[in-house]
Amino acid sequence: MNRQCDGQTRQIEQVSTAAAPQRAGWFRFHFADQRWEWSEQLQRIHGYEPGTVTPTTELVLAHKHPDDRGQVAATIDQILNTHEPFSARHRIVDTGGRVHHVVVVGDRLLDDRGEVVGTQGFYIDVSPPADDAEDLLTARLAEINENRAGIEQAKGMLMLIYQIDEKAAFDLLRWLSQEANVKLRLLAERIAADFRDAGLPPDSRSEFDHLLLTAHRRVRNGRPV
C-alpha cells in the first residue's frame with residue numbers, strides 16, 4: 001500500500017481501536033479489484049473471530065438484513081460510480097443471528113497522486129445496549145464542565161444528521177478525538193463550525209461525511225473556529 005493510503009489507514013485504525021470492543025470498526029474497499037478489508041473489531045461485529053474471514057462484496061451483502069440488502073447494494077454501486085463520500089444506516093445480521101443497527105460513514109481513499117482508489121471509514125454499532133450499565137454517557141458528560149457546550153453542540157448535530165442517539169454521537173466524537181494530539185473539545189468545536197459553515201440541509205450527507213472524517217486535519221492546521 002502506498003504512503004498516502006498508509007497515512008489514511010493509520011488514522012482510521014487509531015480512531016477505531018480507541019472505541020469500546022465491538023462498538024466500532026474500520027473498513028476499506030478498493031475499487032480496482034473490489035477488495036474489502038475489515039478491522040478485527042468489524043470482524044467481531046459480524047460474528048467472526050479475527051483472521052477467520054476474508055470479506056467480499058457477496059459476504060458484505062449476505063450479512064445485511066434482508067429488508068436492507070437492496071439499499072446497501074445500491075449504495076455500493078453508487079460509490080463505485082461517483083467515488084463520493086457516503087453514509088448509510090441499516091441493519092446487519094451476525095453469524096449468531098443477532099441483528100445490529102449500524103451507521104456507516106465512508107470517505108475517499110486516495111493514492112500518492114491524489115487519485116481516488118477506494119473508500120474507507122467506520123461502522124458504528126448503534127444498537128441499544130443489552131445492559132444499561134454500558135451507557136456511560138451521563139457520567140462522561142458530567143466530567144466535561146466548561147467544555148460541555150461545544151461538545152453538546154457537535155453531538156446534537158451528529159444526532160440530527162446521522163439519526164443516532166446520544167451515546168453513539170458522543171462515542172463517535174471520542175473516537176475521532178483519538179487522532180494524534182486532537183482534544184475532544186477542539187475537534188467538537190471544529191466539527192460544529194464546519195457543519196454550520198456548510199449550510200447544507202441534513203439530507204446532504206456526502207459533504208457532512210467528508211467534513212466529519214477530515215475535521216482533525218483542520219484542527220492540526222490551526223484553522224480558527
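Below, each value reflects all heavy atoms present in this structure, side chains not excepted, and no hydrogens, waters or symmetry copies.
Two different hydrophobic clusters hold Val93 and Tyr123 under the rule that ILVMFWY side chains link at heavy-atom gaps under 4.5 Å. Following chains of ILVMFWY side-chain contacts shorter than 4.5 Å, one cannot reach Val105 starting from Met159, and the two form parts of different hydrophobic clusters. Under the 4.5 Å side-chain contact rule for hydrophobic residues, Val102 and Tyr48 share a cluster.
No donor-acceptor distance shorter than 3.5 angstrom exists from the side chain of Arg89 to the backbone of Val103, with no hydrogens or angles considered. Side chain of Asp68 to main chain of Arg91: a donor-acceptor pair is present (N/O by atom type, distance under 3.5 Å, no hydrogens or angles). Between the side chain of Glu84 and the main chain of Ile79, no donor-acceptor pair closer than 3.5 Å is present. In terms of modelled atom types and a separation under 3.5 Å, the side chain of Gln153 and the main chain of Glu189 share no donor-acceptor contact. The backbone N or O of Asp209 sits nowhere less than 3.5 Å from a side-chain atom of Ser87 that would complete a donor-acceptor pair. Checking side-chain atoms of Asn81 against main-chain N and O of Asp77 turns up a donor-acceptor pair under 3.5 Å.
Taking NE2 of His101 as the reference point, atom NE2 of His65 lies at 8.0 Å (rounded to 0.5 Å). The CD atom of Glu49 sits 9.0 Å away from atom OG1 of Thr95, with the distance rounded to the nearest 0.5 Å. Here the OG1-CZ distance, from Thr214 to Arg190, works out to 10.0 Å after rounding to the nearest 0.5 Å. Atom OG of Ser127 sits about 8.0 Å away from atom CD1 of Ile92, to the nearest 0.5 Å. A distance of 12.5 Å separates CZ in Phe170 from CD1 in Ile164, rounded to the nearest 0.5 Å.
Across Thr54, Thr56, Thr57, a single residue satisfies side chain to side chain donor-acceptor pair (under 3.5 Å) together with Trp36, and that is Thr57. If you run side-chain contact (heavy atoms from CB on, under 4.5 Å) between Phe29 and each of Leu109, Leu80, Val117, only Leu80 comes through. The side chain to side chain donor-acceptor pair (under 3.5 Å) test with Asp94 is passed by exactly one of His46, His100, His63: His100.
Looking at Arg35 and Asp33, a side-chain N of the basic residue comes within less than 4.0 Å of a carboxylate O on the acidic one, giving a salt bridge.
Under the 4.5 Å side-chain criterion, counting only non-hydrogen atoms from C-beta, Glu37 is in contact with Trp26. Counting only heavy atoms from C-beta outward, the side chains of Val60 and Lys64 approach each other to under 4.5 Å. Residues Tyr162 and Val126 are not in side-chain contact: their nearest non-hydrogen atoms beyond the backbone lie 4.5 Å or more apart. Taking 4.5 Å as the limit, some side-chain heavy atom of Ile151 sits within range of a side-chain heavy atom of Leu184. With a 4.5 Å cut-off on side-chain heavy atoms, Glu166 and Lys155 count as touching. Contact check for Leu211 versus Ile191: no side-chain heavy atoms found under the 4.5 Å cut-off. The side-chain heavy atoms of His90 and Thr75, taken from C-beta on, include no pair separated by under 4.5 Å. Side-chain contact between Val72 and Val104 is absent, with no heavy atoms from C-beta onward closer than 4.5 Å.
For the residue pair Gln41 and Gly25, the shortest heavy atom distance occurs at CB-CA, 4.0 Å. Closest approach of Pro85 to His210, counting heavy atoms only: CG-CB, 3.8 Å. Among all heavy-atom pairs drawn from Ala188 and Gly150, the shortest one is CB-O, 3.9 Å. The two residues Gly106 and Phe27 come nearest to each other via the heavy atoms CA-CZ, 4.3 Å. Nearest heavy atom pair, residue Glu40 against residue Pro50, reads CG-CB, 3.6 Å. Taking both residues in full, the closest heavy atoms of Gln163 and Leu160 are given as NE2-O, 2.7 Å, listed atom of the first, atom of the second, then distance.
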| task | For side-chain contact (heavy atoms from CB on, under 4.5 Å), just list the numbers for Asp171 and Ile124, CA-CA rounded to whole Å, side-chain angles, deciding distance to a tenth of an Å, and then say yes or no. | result | CA-CA 9 Å; Asp171 282 348; Ile124 307 163; 6.0 Å; no

| request: Would you check, one step at a time, whether the test side-chain contact (heavy atoms from CB on, under 4.5 Å) holds for Arg218 with Asp194? | output: CA-CA 10 Å; Arg218 292 181 290 282; Asp194 287 344; 2.8 Å; yes

| said: side-chain contact (heavy atoms from CB on, under 4.5 Å), that's the test. Do Leu212 and Leu172 meet it? Break it down for me. | reply: CA-CA 10 Å; Leu212 176 66; Leu172 178 54; 3.9 Å; yes

| request: List the steps and the verdict of side-chain contact (heavy atoms from CB on, under 4.5 Å) for Met157 and Arg196. | output: CA-CA 9 Å; Met157 289 181 171; Arg196 287 196 304 269; 3.4 Å; yes

